[in-house]
Amino acid sequence: MDRNAKVAVTLGDPAGVGPEVIVKALAALPSDERRDFVIIGNVEALERADRVSGTGLKFGPADAPGGDKVAVDEVPLGAPLPEIGKVSPVAGDASVRYITRAVDLAISGQADVIVTAPINKEAMNLAGHHHDGHTGLLAHLTGSKSSFMLLASERLNTIHVSTHISLKGAIERAKTERVLATIEAGHRHFLRLGKQARIAVAGLNPHCGENGLFGTEDMEFLAPAVEQAQAKGIDVVGPISADTVFARAYNGAFDLVIAQYHDQGHIPIKLVAFETAVNVSLGLPIDRVSVDHGTAFDIAGTGKANHVNMLSAIAYARLMARSPRREM
């Protein structure tokens, strides 16, 4: 990554493990590289995390010249710092305002990429922000019609046709237009990273419906999406039965799998790359990478939170920062 490229890291829910994994990850980086980062959040929450983590980092205003302090773009809480490990509307509201500030920086060109620590959907909704999570909130803030969730790891990558909706809603969303758009989003992303991806579309029904015996959606909606993508020159096949396609991709047959719904894509990724897989938002006018774990209220404040996933998110964000966007 160019030394001038700036990575904006949002604190996540200040009552969760976000502050801890951030300070641990930054402490693991060479001190000169920390100048590439600005944390969107609160110094008080970071100092609390530093005390339990023992990183010894110092924090200061983002506009302060030089020095050895980690830059913080302070977003006032308007209330006392929420209790660690508890669902709180104050924390939920703060997490949304951190993200909003980071989006502003990215849109204005002051940040090249956003890295997000975990938020708590219950806390966010208690605060009056009714979104399905980061993905829906980011689409709203950027005025995007839709966005796509890519889970990326070393040997398995999957992008989702739908994510945080009911299984019934996911089945209804798996229509040709949406499946095709998901294929195209994944294709564009890999082109951006310099690779012509080999893409496989996972079937919706068991054994892709067995020619209508177990449902007709695969024939009616998924197969036409694959054909239309192939006509555009995209290297894609399917639908392929979901009980085999992820194993084939993991073993090298495909670079990307199109998952039809949340659990279909999340379960295999979390099985093989629980600590290192990252969440990437595609289809937005800005770049965003996130850890692929939650707020972990049960261990927040104990210093036990593992920062390996945050380091993976930072590494992927750096890769995106040095890879120009491409159009199909």
Indicate yes or no for a side-chain donor-acceptor contact from T244 to the backbone of I240 under 3.5 Å, with no hydrogens or angles considered.
no

For H140 and G136, indicate whether the former's side chain and the latter's backbone hold a donor-acceptor pair under 3.5 Å.
no

Rounded to the nearest 0.5 Å, what's the gap from OG on S147 to CG on L138? Could you check?
7.0 Å

Please check if the number of heavy atoms outside E210 that lie under 6.0 Å from its CD is greater than 12.
yes

Does any part of the side chain of H129, heavy atoms only, come nearer than 4.5 Å to the side chain of L137, both counted from C-beta?
no

In terms of side-chain geometry, is the basic nitrogen of K58 or E47 positioned less than 4.0 Å from the acidic oxygen of its partner?
no

Between S144 and T142: side-chain donor-acceptor atoms closer than 3.5 Å
yes

Side-chain (T100) to main-chain (V96) donor-acceptor, under 3.5 angstrom:
yes

Would you find a donor on one side and an acceptor on the other, under 3.5 Å apart, between the side chain of R288 and the backbone of V115?
no

Counting C-beta onward and ignoring hydrogens, is there a side-chain heavy-atom pair between E154 and T276 closer than 4.5 Å?
no

Check step by step if side chain to side chain contact (heavy atoms under 4.5 Å, CB included) holds for Y261 and H160.
CA-CA 6 Å; Y261 53 92; H160 298 69; over 6 Å; no

Are L180 and I199 connected, step by step, through hydrophobic side chains (Ile, Leu, Val, Met, Phe, Trp, Tyr) whose heavy atoms are closer than 4.5 Å?
no

Under 4.5 Å between side-chain heavy atoms, counting indirect links through other Ile/Leu/Val/Met/Phe/Trp/Tyr residues: same cluster for L222 and F148 or not?
yes

Could you report the tightest heavy-atom contact between T116 and M310, atom names first, then the distance?
O-CE, 4.5 Å

Are N205 and D218 close enough that a side-chain donor and a side-chain acceptor fall under 3.5 Å?
yes

Would you sort out whether T302 and K304 count as a side chain to side chain contact (heavy atoms under 4.5 Å, CB included), showing the intermediate values?
CA-CA 5 Å; T302 66; K304 296 178 181 178; 3.3 Å; yes

Go through R178 and E172 one step at a time and tell me if the salt bridge (charged side-chain N to carboxylate O under 4.0 Å, His left out) criterion holds.
CA-CA 11 Å; R178 176 68 182 181; E172 293 171 349; over 6 Å; no

Say whether T55 and D50, considering side chains only, have a donor N or O and an acceptor N or O under 3.5 Å apart.
yes

Before giving the answer on salt bridge (charged side-chain N to carboxylate O under 4.0 Å, His left out), spell out for R192 and D287 the whole-Å C-alpha distance, their side-chain angles and the decisive distance to 0.1 Å.
CA-CA 12 Å; R192 175 182 176 180; D287 291 330; 2.6 Å; yes

Nearest heavy-atom approach of D93 to A127 is N-CB, 3.5 Å

Do V7 and D112 have side chains that get closer than 4.5 Å, going by heavy atoms?
no

Hydrophobic cluster identity match, V179 and L204, side-chain contacts under 4.5 Å
yes

Quick one: does F297's side chain get under 4.5 Å of K86's, heavy atoms only?
no

Tell me whether L29 shares a hydrophobic cluster with I40, the cluster being built from Ile, Leu, Val, Met, Phe, Trp, Tyr side chains joined at under 4.5 Å.
yes

Got V291 and H293 here, is their nearest side-chain heavy-atom distance under 4.5 Å?
yes

Closest non-hydrogen atoms of Y250 and L156, given as atom of the first, atom of the second and distance, are N-CD1, 4.1 Å

Within the side chain of D292, is there an N or O that forms a donor-acceptor pair under 3.5 Å with the backbone of A277?
no

Given 3.5 Å as the limit, does a donor-acceptor pair link the side chain of N120 with the main chain of E122, or not?
yes

Determine, stepwise, if the pair D255 / R198 fulfils salt bridge (charged side-chain N to carboxylate O under 4.0 Å, His left out).
CA-CA 5 Å; D255 303 300; R198 298 164 299 162; 3.1 Å; yes

Taking atom CG of N211 as the centre, does the number of heavy atoms from other residues, nucleotides or ligands within less than 6.0 Å exceed 12?
no

For P14, does its backbone N or O pair with a side-chain atom of R48 as donor and acceptor, under 3.5 Å?
yes

Quick check for you: to the nearest 0.5 Å, what is the distance between S290 atom OG and N309 atom CG?
8.0 Å

Testing the basics here: between G303 and K24, what is the closest heavy-atom pair and its distance to 0.1 Å?
O-NZ, 2.6 Å

Got a second to check how far N279's CG is from I269's CD1, nearest 0.5 Å?
10.5 Å

Is the shortest heavy-atom distance from the side chain of I114 to the side chain of V289 under 4.5 Å?
no

Linking I/L/V/M/F/W/Y whenever any side-chain heavy atoms sit under 4.5 Å apart, do L26 and V43 land together?
yes

Quick one: is the NZ or CZ of K69 closer than 6.0 Å to the six-membered ring centre of F59, and within 45° of its axis?
no

Looking at Q230 and V236, would you say the former's side chain and the latter's main chain have a donor-acceptor pair under 3.5 Å?
yes

Distance (rounded to the nearest 0.5 Å) between K6 NZ and F37 CZ
9.0 Å

Show the nearest heavy-atom pair for residues D13 and A91, with the distance to one decimal.
OD1-CB, 3.2 Å

Compare all side-chain heavy atoms of R155 with those of V272 and state whether any distance is below 4.5 angstrom.
no

Can you check side chain to side chain contact (heavy atoms under 4.5 Å, CB included) on T176 and Q228, steps first, answer last?
CA-CA 9 Å; T176 301; Q228 291 177 34; 3.6 Å; yes

Evaluate the criterion salt bridge (charged side-chain N to carboxylate O under 4.0 Å, His left out) for residue pair K175 and E220; output intermediate values, then yes/no.
CA-CA 8 Å; K175 297 295 191 288; E220 288 186 59; over 6 Å; no

Take a 6.0 Å sphere around CD of E74 and say whether it holds more than 12 heavy atoms from other residues, nucleotides or ligands.
yes

Gap separating the CE atom of M149 from the OG atom of S281, nearest 0.5 angstrom:
7.0 Å

Closest approach of A28 and H307, non-hydrogen atoms and distance?
CB-NE2, 4.3 Å

Could you go step by step and tell me if V226 and V237 meet the side chain to side chain contact (heavy atoms under 4.5 Å, CB included) rule?
CA-CA 6 Å; V226 171; V237 294; 5.5 Å; no

Rounded to the nearest 0.5 Å, how far apart are CG of L150 and CG of N157?
6.0 Å

Without swapping roles, check the side chain of K145 against the backbone of G283 for a donor-acceptor pair under 3.5 Å.
no

Exercise: do D73 and Y98 side chains pair donor with acceptor under 3.5 Å:
no

Would you find a donor on one side and an acceptor on the other, under 3.5 Å apart, between the side chain of Q260 and the backbone of I171?
no

Can you find a pair of side-chain heavy atoms, one from L151 and one from V278, that are under 4.5 Å apart?
no

If the plane angle is over 60° it's perpendicular, under 30° parallel, otherwise tilted; pick one for Y316 and H189.
parallel

